[in-house]
Amino acid sequence: MITEVLAQALADSFRDLHIEIAATDVQMERPAAREHGDWSSNVALVMSKRLERNPRELATELAKIVESQGLNVIKEIEVAGPGFINFYLSPQWLHDVLIDVLTQGEHNYARPTVGDGASINLEFVSANPTGPLHAGGGRWGAYGDSLARIFRRCGYRTFTEYYVNDRGIQTELFGASLVARRDGGELPEDGYAGEYVAEWAREMPDEAEPVAWGQERALKDVQDSLASMNVTFDHWASEKALVESGAMEEVVDLLRDSGWVDDRDGATWLRTSEFGDEKDRVLIKSDGEPTYFVPDIAYHNQKFDRGELVIDVLGADHHGYVPRMAAAMKMLGHPSDRYEAIIGQNVTLVRNGEEIKLSKRTGTMVEVSELIEAVGPDVARFAYLLQSIDTRQTIDIDVLSSEANENPVYYVQYAHARIAAVSREATNRGISRRPVDAMDVTVLQHERELEILRCLSTLPEIVEFAARDRAPHRVATWIRELAAAFHGFYHDCPVLRSDVAAEIQQARLWLVETARIGFAIGLDLLGITAPEEM
RNA sequence: GCCCUCGUAGCUCAGGGGAUAGAGCAGUGGCCUCCGGAGCCAUGAGCGCAGGUUCGAAUCCUGCCGAGGGCGCCA
């Protein structure tokens with residue numbers, strides 16, 4: 001990596017000043033403005049205080065020494081602003097990027113090793129099987145699935161799960177609601193009122209056991225919806241199976257052994273407040289029934305068998321639940337850095353310019369399946385993934401549908417389709433790529449050509465940061481930049497036109513191939529298709 | 001009242017303590033003589049407010065204002 005070369009050069013020049021500094025402590029950054037060079041270091045600013053030196057003077061001295069080292073990638077060094085050292089490089093470093101991308105290929109380029117085989121258990125969506133998945137739930141699906149792809153690319157062994165709450169009060173209420181709709185009876189208090197309940201009730205066979213049938217019907221619906229947006233799971237964990245296995249009793253015993261369980265007021269409590277929770281939580285109610293918290297603890301405890309790091313993706317409406325679960329995990333002996341909850345902000349659904357409040361009473365909702373039907377999985381996923389999980393998202397199904405053609409995902413996919421079109425046209429014209437080592441990369445000097453390589457050079461760190469920050473939207477943002485770079489290139493730099501010199505044509509064909517690799521990697525991480533034509 | 005997240009261009013959003021804060025959409029004006037115009041180029045406008053830390057703050061800290069969410073022996 002070029003940054004390592006430059007950082008080392010700076011570290012070496014410190015040595016000339018009899019100051020020891022590790023190359024890894026020298027920060028290299030891309031200047032925001034192109035006029036400030038290809039790479040820049042703030043090391044003089046950072047060190048000036050410790051050395052009690054004027055930062056500009058220090059920078060000037062360092063620059064002079066680096067210059068005398070005579071690295072041939074460096075075209076020019078300048079000291080700018082308060083003491084930045086700016087490097088202007090020959091395009092050679094970008095030519096190296098091209099070779100890197102081609103030799104490593106789609107499979108190996110931008111495959112950071114930070115995961116190093118560590119395992120992650122990632123749970124997301126886990127909506128109750130009491131109805132179709134609403135469009136808000138789609139956000140967790142897109143996010144979790146993409147995050148899993150990013151983790152895997154970074155070398156984490158990743159296991160994804162959906163926790164199915166297929167027992168308990170909610171499923172019973174749902175079953176009762178189905179019966180009420182079928183028989184024309186009154187809906188139970190807090191029952192499910194959505195239109196789908198009546199629809200499904202008509203489907204329900206007379207001999208079916210309503211609770212089990214309803215729960216299966218809903219789960220099937222959720223699974224189909226997620227599959228239609230290309231979201232799959234390694235494991236659908238059944239709460240019912242968990243409870244029937246005796247896991248609740250086991251985990252309560254474990255907690256009792258840990259000494260954090262109290263019996264008071266006729267109930268059984270877990271002293272979670274001693275681990276940062278606001279208050280203690282009831283495990284077993286005074287009527288003898290366990291709260292929902294118990295199977296949840298048992299489930300989370302078991303997930304540690306399927307991953308060293310257990311991550312939950314939760315909606316903001318569940319964030320208050322995190323401290324108690326974190327407390328329980330600590331009590332069960334799982335170190336606090338092994339359990340992580342990612343809190344995503346909720347989705348606001350809008351239709352006809354009006355916010356749709358999810359309501360059990362009125363039963364209004366926008367279903368994921370409806371969204372996918374209207375705009376397709378790629379538009380939906382890109383819309384979900386373009387935005388940071390920390391910000392509230394508004395999904396306006398009308399806007400998404402009507403503006404589908406201007407959707408940013410097409411901008412990206414169109415670039416990929418153009419690449420495929422170049423290949424097809426090359427075949428038509430009888431033009432083929434000669435071996436990489438027969439190519440003269442140095443003919444790539446056009447700013448549009450270099451911009452593609454500059455963009456590709458950032459992909460490895462983009463992937464790594466996306467994993468570290470649990471932020472798939474970084475990949476989405478990046479791939480738009482690559483698309484912009486490619487469209488610009490495509491506009492200004494003909495590849496197959498007859499007036500293009502043979503060696504330039506060869507180099508551009510290979511450049512197009514690197515862009516294809518970039519799109520393939522990025523789109524795969526987002527779980528979006530890479531079309532050959534549109 | 002306490003806790004969590006967020007407040008950036010007319011709208012939807014990016015922005016790992018760095019220099020002149022960027023995209024898309026919407027607006028305006030340009031660009032099809034051979035690879036796909038779902039494209040390219042140009043153009044206007046912005047960090048909620050007030051302090052603090054720092055050589056340097058949209059970014060970190062505090063307070064205020066605003067938005068959403070959470071504070072059950074519900075799930």
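To find a chain, count down the sequence lines: A is the first, B the second, and so on, and within it residues start at 1.
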*What distance, rounded to whole Å, do you find between the two P atoms, one in B/C61 and one in B/C25?*
35 Å
*Got a donor-acceptor pair under 3.5 Å from the side chain of A/Asp492 to the base of B/C40?*
no
*Rounded P spacing from B/G16 to B/C55 in Å*: 22 Å
_Spacing of the P atoms in B/A57 and B/G52 (rounded, Å)_ = 12 Å
*Using the C1' atoms only, state how far B/G37 lies from B/G68, rounded to an integer number of Å.*
41 Å
*Within less than 4.0 Å of OP1 or OP2 of B/G37, is there a side-chain N or O belonging to A/Arg418?*
yes
*Could you give the distance separating B/U59 and B/U8 at their P atoms, to the nearest angstrom?*
13 Å
*asked:* Given the structure, check if the side chain of A/Asp317 and the base of B/A75 hold any donor-acceptor pair shorter than 3.5 Å.
replied: no
*Under 4.0 Å between a side-chain N or O of A/Lys279 and OP1 or OP2 of B/C71?*
no
_Over all strands shown, is A/Arg474 touching base, sugar-phosphate only, or nothing at heavy-atom distances under 4.0 angstrom?_
sugar-phosphate
*A/Asp296/A/Arg324 salt bridge by N-O under 4.0 Å criterion*: no
*When you check the glycosidic angle of B/C4, does it come out syn, meaning within 90° of 0, or anti?*
anti
_Phosphate OP1/OP2 of B/C6 contacted by A/Gln345 side-chain N/O (<4.0 Å)_ = no
_Donor/acceptor link under 3.5 angstrom from A/Ser388 side chain onto base of B/A14_ = no
*So does A/Glu425 pair up with A/Arg429, basic N to acidic O under 4.0 Å?*
yes
_With hydrogens left out and only the distance checked, is there a donor-acceptor pair under 3.5 Å joining A/Tyr414's side chain and the base of B/A38?_
no
*With a non-hydrogen cut-off below 4.0 angstrom, is A/Ala415 in contact with a base, only sugar-phosphate, or nothing?*
nothing
*Answer yes or no: is there an ion pair linking A/Arg470 with A/Glu340, defined by an N-O contact shorter than 4.0 Å?*
yes
*With sugar-phosphate meaning primed atoms plus P, OP1 and OP2, does A/Asn128 contact a base, only sugar-phosphate, or nothing at under 4.0 Å between heavy atoms?*
sugar-phosphate
*If we take the C1' atom in both B/U43 and B/C2, what is their distance in whole Å?*
49 Å
*Should A/Arg448 be listed as having a side-chain N or O under 4.0 Å from OP1 or OP2 of B/C41?*
yes
*Mind checking who B/C35 pairs with, Watson-Crick or G-U wobble, both distances under 3.5 Å?*
none
_Watson-Crick or G-U counterpart of B/A50, or none if no pair lies under 3.5 Å_ = B/U62
*Hey, is A/His491 doing a stacking thing with B/G39, by the 5.5 Å centroid and 30° angle criteria?*
no
*Rounded distance in Å between the P positions of B/G48 and B/G30*: 36 Å
*asked:* Tell me whether A/Phe84 and B/A19 count as stacked here, given that the ring centres must be under 5.5 Å apart and the planes must differ by less than 30 degrees.
replied: yes
_Any N or O donor-acceptor pair under 3.5 Å from the base of B/G69 to the side chain of A/His319?_
yes
*So, does the side chain of A/Thr391 form a donor-acceptor pair with the base of B/C6 at under 3.5 Å?*
no
*asked:* With a 3.5 Å limit on both atom pairs, tell me what B/A75 is paired to, counting Watson-Crick and G-U wobble, or say none.
replied: none
*Flag the pair A/Asp263 and A/Arg256 as a salt bridge only when some basic side-chain nitrogen lies within less than 4.0 angstrom of an acidic carboxylate oxygen.*
yes
*Polar side chain donor-acceptor pair, A/Tyr299 to A/Glu239, under 3.5 angstrom*: no
_One thing to verify: whether A/Arg516 and A/Glu513 come together as a salt bridge, which I'm taking to mean a side-chain N less than 4.0 angstrom from a carboxylate O._
yes
*Are the ring of A/Tyr490 and the six-membered base ring of B/C35 within the stacking cut-offs of under 5.5 Å and under 30°?*
yes
*When rounded to the nearest Å, what value does the distance between C1' atoms of B/G15 and B/A50 take?*
24 Å
